[in-house]
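Notes for the one structure printed next.
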Amino acid sequence: RHEGLSTMASPYGIKTVIRRTFRQRFTLARWTRQPLIGRIIDQLLFEGDDIMYLPRDRAIAVNQSLSPRDDLAVPSQVLEHFIEQAHVHWRMDFCICRDASGCQTYPVDLGCLFMGEAARDINPKFGRRVTKAAALTHARRCREAGLVHLIGRNKLDSVWLNVHPPQKLMTVCNCCPCCCLWKILPEISPRISGKLTRMPGVSVQVDRDACIGCGQCQQDVCFVNAIGLENGRAYIGAECRGCGRCVSACPSEAITLRIEAPAYLASTVHRAAGAVDRVVAPVGDE
């Protein structure tokens with residue numbers, strides 16, 4: 001724990017600071033493109049990060065080359081794996097991003113889920129430790145509300161929550177397209193934005209013959225502005241993180257999200273587990 005921060009830092013003070021600065025996050029993100037400032041912010045807030053979007057289950061068109069067993073596997077099973085295995089589950093009573101933005105579209109009370117040893121020290125006024133069953137229910141409610149999971153290691157959370165070390169905290173964000181902090185990705189320095197990626201084996205494709213150029217995929221759908229129109233047809237840019245929202249938004253079903261690697265679930269679990277220590281506690285740990 002950083003001695004410079006008070007133990008169990010005041011939740012009211014922290015929320016006030018975040019609310020007052022959240023709308024300036026795009027300006028702050030652009031500062032990171034200055035080499036010196038970018039290196040300092042990266043070290044302070046994003047060092048060691050590895051975060052992935054988990055596509056929405058309903059958005060997937062599974063590649064025909066996958067076996068029948070893999071056809072039954074969906075991205076939400078990655079999160080369910082860690083919930084089943086973890087010994088510490090902490091559910092936030094609010095989403096800090098939607099709270100700071102005053103979101104009127106998505107539930108503010110569906111906050112992040114944290115797992116791992118460091119989650120024990122989160123201020124109890126932010127939320128509470130929950131059972132495995134309650135964590136699974138929370139994740140399902142988030143998906144039913146149209147939120148998209150991000151999972152992995154995010155040092156920024158350990159900083160604002162004042163819990164340490166960061167490598168012992170797994171973050172599960174439940175993001176809406178209107179308020180998500182990570183809408184700053186097009187503005188922030190590449191060395192930081194590159195730490196938030198799509199799930200291994202995921203690709204998003206546009207059938208330009210089926211696309212009618214209506215532009216609905218651009219209307220508050222993409223977190224990272226990865227969708228554009230070119231000659232009256234949609235295209236997906238390299239910034240795409242594979243969340244699958246555009247698939248659900250397309251009225252002509254011209255956009256598809258495919259999983260083309262047979263072992264995509266195992267690869268994702270292995271990568272997420274490698275970014276965070278002791279999410280799964282040893283036998284006998286209480």
Side-chain angles (χ1 to χ4, degrees), residues 51-81 97-98 103-107 110 139-151 172-180 182-183 185-186 193 196-269:
I51 317 168
M52 288 174 284
Y53 278 101
L54 298 185
R56 302 176 71 178
D57 293 345
R58 295 191 300 270
I60 297 170
V62 179
N63 189 291
Q64 295 301 312
S65 66
L66 299 186
S67 68
R69 179 177 178 180
D70 287 315
D71 286 347
L72 300 176
V74 292
S76 61
Q77 288 180 302
V78 173
L79 174 53
E80 291 171 355
H81 165 83
C97 298
R98 285 190 288 280
C103 187
Q104 300 296 313
T105 307
Y106 293 87
L110 294 180
R140 187 187 70 249
R141 286 184 61 208
C142 290
R143 291 192 294 274
E144 290 172 350
L147 304 174
V148 173
H149 299 310
L150 279 76
I151 186 170
V172 181
C173 288
N174 303 296
C175 296
C176 64
C178 46
C179 307
C180 180
W182 295 110
K183 291 184 72 173
L185 285 182
S193 66
L196 198 151
T197 64
R198 69 178 69 184
M199 187 174 168
V202 165
S203 68
V204 182
Q205 303 165 3
V206 177
D207 181 344
R208 293 178 65 84
D209 292 329
C211 176
I212 60 175
C214 65
Q216 289 195 32
C217 57
Q218 295 181 288
Q219 297 175 13
D220 295 323
V221 172
C222 184
F223 291 90
V224 292
N225 301 328
I227 303 175
L229 289 178
E230 185 177 72
N231 298 324
R233 298 291 183 269
Y235 71 91
I236 307 294
E239 301 85 359
C240 173
R241 298 310 198 271
C243 72
R245 283 186 176 277
C246 57
V247 177
S248 302
C250 180
S252 58
E253 300 183 352
I255 306 176
T256 56
L257 186 149
R258 308 185 74 84
I259 294 176
E260 300 170 339
Y264 79 98
L265 283 182
S267 298
T268 304
V269 167

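Given the structure is predicted, the values throughout are model-derived calculations rather than measurements. Every heavy atom of this structure was used, including side-chain atoms; hydrogens, water molecules and symmetry mates were not. Quick note: residue numbers are just sequence positions, from 1.
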Next on the checklist: C103 vs C178, test: side-chain contact (heavy atoms from CB on, under 4.5 Å). Steps then yes/no.
Outcome noted: CA-CA 8 Å; C103 187; C178 46; 3.8 Å; yes
Checklist entry - Could you walk me through whether L150 and L196 pass the side-chain contact (heavy atoms from CB on, under 4.5 Å) check? => result CA-CA 9 Å; L150 279 76; L196 198 151; 3.5 Å; yes
Next on the checklist: Checking K183 against V224 for the side-chain contact (heavy atoms from CB on, under 4.5 Å) test, could you report, in this order, the C-alpha distance in whole Å, the side-chain angles of both residues, the deciding distance, and whether it holds?
Outcome noted: CA-CA 5 Å; K183 291 184 72 173; V224 292; over 6 Å; no
Next on the checklist: What verdict does the side-chain contact (heavy atoms from CB on, under 4.5 Å) test give for I151 and I51, after you've listed the backbone C-alpha separation in whole Å, the side-chain angles of each residue and the deciding distance to 0.1 Å?
Outcome noted: CA-CA 6 Å; I151 186 170; I51 317 168; over 6 Å; no
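For the atom pair SG (C214) and CG (L229), the distance works out to 8.0 Å, reported to the nearest 0.5 Å. Here the SG-CG distance, from C173 to L54, works out to 11.0 Å after rounding to the nearest 0.5 Å. Distance CG/L110 to CZ/R98: 6.5 Å, rounded to 0.5 Å. Once rounded to the nearest 0.5 Å, the distance linking OG1 of T268 with CE of M199 reads 3.5 Å.
Considering every non-hydrogen atom in both H149 and C142, the closest pair reads CE1-CB, 4.1 Å. The nearest pair of heavy atoms linking C246 to I227 is CB-CD1, 3.3 Å. Considering all non-hydrogen atoms of both residues, F223 and C176 come closest at CE2-O, 3.1 Å. Taking all atoms of both residues into account, the shortest heavy-atom contact from P75 to L265 is CA-CD2, 4.3 Å. Across all non-hydrogen atoms, the minimal contact from G242 to P55 is O-CG, 3.3 Å. The two residues L257 and C243 make their nearest non-hydrogen contact at CD1-C, 4.3 Å.
Applying the side chain to side chain contact (heavy atoms under 4.5 Å, CB included) criterion to P177, with sequence neighbours excluded, gives Y106, R245. When the salt bridge (Lys or Arg N to Asp or Glu O under 4.0 Å) test is applied to E230, no partner is found at least two apart in sequence or on another chain. For A266, there are no side chain to side chain contact (heavy atoms under 4.5 Å, CB included) partners, not counting sequence neighbours. In this structure, the side-chain hydrogen bond (donor to acceptor under 3.5 Å, both in side chains) partners of S76, at least two apart in sequence or on a different chain, are D57. Taking the side chain to side chain contact (heavy atoms under 4.5 Å, CB included) definition, one finds that C250 meets it with S252, A254, I255, sequence neighbours left out. Applying the salt bridge (Lys or Arg N to Asp or Glu O under 4.0 Å) rule to R143 yields the partners E80; only residues at least two apart in sequence or on another chain are considered.
Under the side chain to side chain donor-acceptor pair (under 3.5 Å) criterion, the residue pairs touching residues 199-228 are S203-Q205, S203-E260, Q205-E260, with sequence neighbours excluded. Annotation: side chain to side chain donor-acceptor pair (under 3.5 Å) contacts involving residues 231-242, sequence neighbours excluded, are absent.
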